[in-house]
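First up is the structure itself, then whatever we jot down about it.
Just follow the structure's listing: the first ligand is 1, and inside any ligand the first atom is 1.
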Amino acid sequence: MIPDSASYRLANVRLHRSLTPGLSAAFDSDGFALADIAVADGRIAGIAAHGKSKAQTGAIDLGGRILLPCFVDCHTHIDKGHIWPRKPNPDGTFMGALDATGADRAARWSAEDVARRMDFSLRCAYAHGTKALRTHLDSVPPQEEISWPVFATMRETWRGRIDLQAACLLGIEGVRDKAWFERLAKRVAAAKGVLGVVTYMVPDLEELLDQVFAQAIKHGLDLDFHADETDDVAAISLKKIAEASLWNGFDGNILVGHCCSLSRQPDLEVLDTLDKVAKAGLAVVSLPMCNLYLQDRRNDGTTPRWRGVTLLHEMKARGIKVAVASDNTRDPFYAYGDLDMLDVYRMATRILHLDHPVGDWPKAVAATPAEVMRLDDAGTLTAGGSADFIIFKGRSWTELLSRPESDRIVVREGRAIERKLPDYAELDELMVG
Ligand SMILES: [Zn+2]
């Protein structure tokens, strides 16, 4: 359907208002407008309302199919991905996930093991239409010495297909060893990475956060936190991060993931936290599939009654940047998943009610994470930008989000890519023993 040539024109595609900033057209109540796109030399030469651009022979009529920019997945764990067959979560709980993953890491995460699972994950993400991805890397000693060099090689191998970023991942207590943490921050800076920690309520949280901010400022790093991944109403580390950012005068980007406990807290506490998060300019990413899986997990024969996700609507209403992302895939934190951001958006729509109206929620899987990750040419469709987009069968939200869209067409630099998903059997030998 997409010609294997340098220049062509696609007519009669549906573009979304939130991801096509330069398009003036008649958008319907779902935010879609029919448009034509000219592609030349791998770039988008022009976008215009359907029928308004100069007539050209040979335009391909796509019959109103939805066309979105390639996805940006800003929170993943491709170092953990696909270990499920050899290390399942014994009971589906958060502690079960933490213990199982820690044991597997210590026993099995050689450079080769990590590299092969990472590459598998990236082939999935690429085939589904992801163009940029941030992964956390477990950086508990000695794993940081194994995983960061593997990541550096992987980023080079994948350059031009997926823009890769990495953030270190360790419990906030790890920051207490100041000399080691400084060495880690230097390693992260050398890899052009992002400084990340997991925050929860420890007595010296404020002091430790100050050290995290001090290292980020010293080495010019952006920050990425896992915060309050719990139903415990006493977990307020999101607020502590916002406060620490304000009093440290931090001006880098901060992305905070999860923030589950916020949905369980009293309104006044929530309002105070959201004020501070907005003032400090934090961005928040929700991981709806992982949260639904781990939060409110009961092992007493009763049914979960809470969706696990944070207050994304309230955040967006205050101008806080919000995204959704994949998080874990086929590991003890989430038994499923394939780094398919359409699946993430479909699940997020159901779990978080990102519909009726859809508004500008599609930004949460493209434009907003691109901004948080400081990517210039990703997340929107604009004239002059790279011709990186996905053409779906669906012509409306209900069509798009009802089927897996396994036959979507992914176009990179103007050419349809081969969308072959790797076979699970490739990893079988890593799962033995
Ligand atoms: Zn995560």
Heteroatom N/O/S of His75 within less than 2.8 Å of the Zn ion (ligand 1): yes
Donor-acceptor pairs under 3.5 angstrom involving side-chain atoms of residues 271-284: please list them, not counting sequence neighbours.
unit_1: Asp272; atom_1: OD2; unit_2: Lys239; atom_2: NZ; d: 2.7
unit_1: Asp272; atom_1: OD2; unit_2: Lys276; atom_2: NZ; d: 3.4
unit_1: Thr273; atom_1: OG1; unit_2: Glu269; atom_2: O; d: 3.1
unit_1: Asp275; atom_1: OD1; unit_2: Arg318; atom_2: NH1; d: 2.2
unit_1: Lys276; atom_1: NZ; unit_2: Glu243; atom_2: OE2; d: 2.9

Have Asp79 and Ser147 got a donor and an acceptor in their side chains that come within less than 3.5 Å? no
Between Trp361 and His313, does the ring pair (Phe, Tyr, Trp, His ring centres under 6.0 Å) criterion hold? Intermediate values first, please. CA-CA 10 Å; Trp361 281 111; His313 288 271; 4.9 Å; yes
When you draw lines from the Zn ion (ligand 1) to OD1 of Asp327 and to NE2 of His226, what angle lies between them, to the nearest 10°? 180°
Partner set under salt bridge (charged side-chain N to carboxylate O under 4.0 Å, His left out) for Arg183, not counting sequence neighbours: none
Got a sec: is His258 within less than 2.8 Å of the Zn ion (ligand 1) via an N/O/S atom? no
Could you check which N/O/S atom of His77 is closest to the Zn ion (ligand 1)? NE2
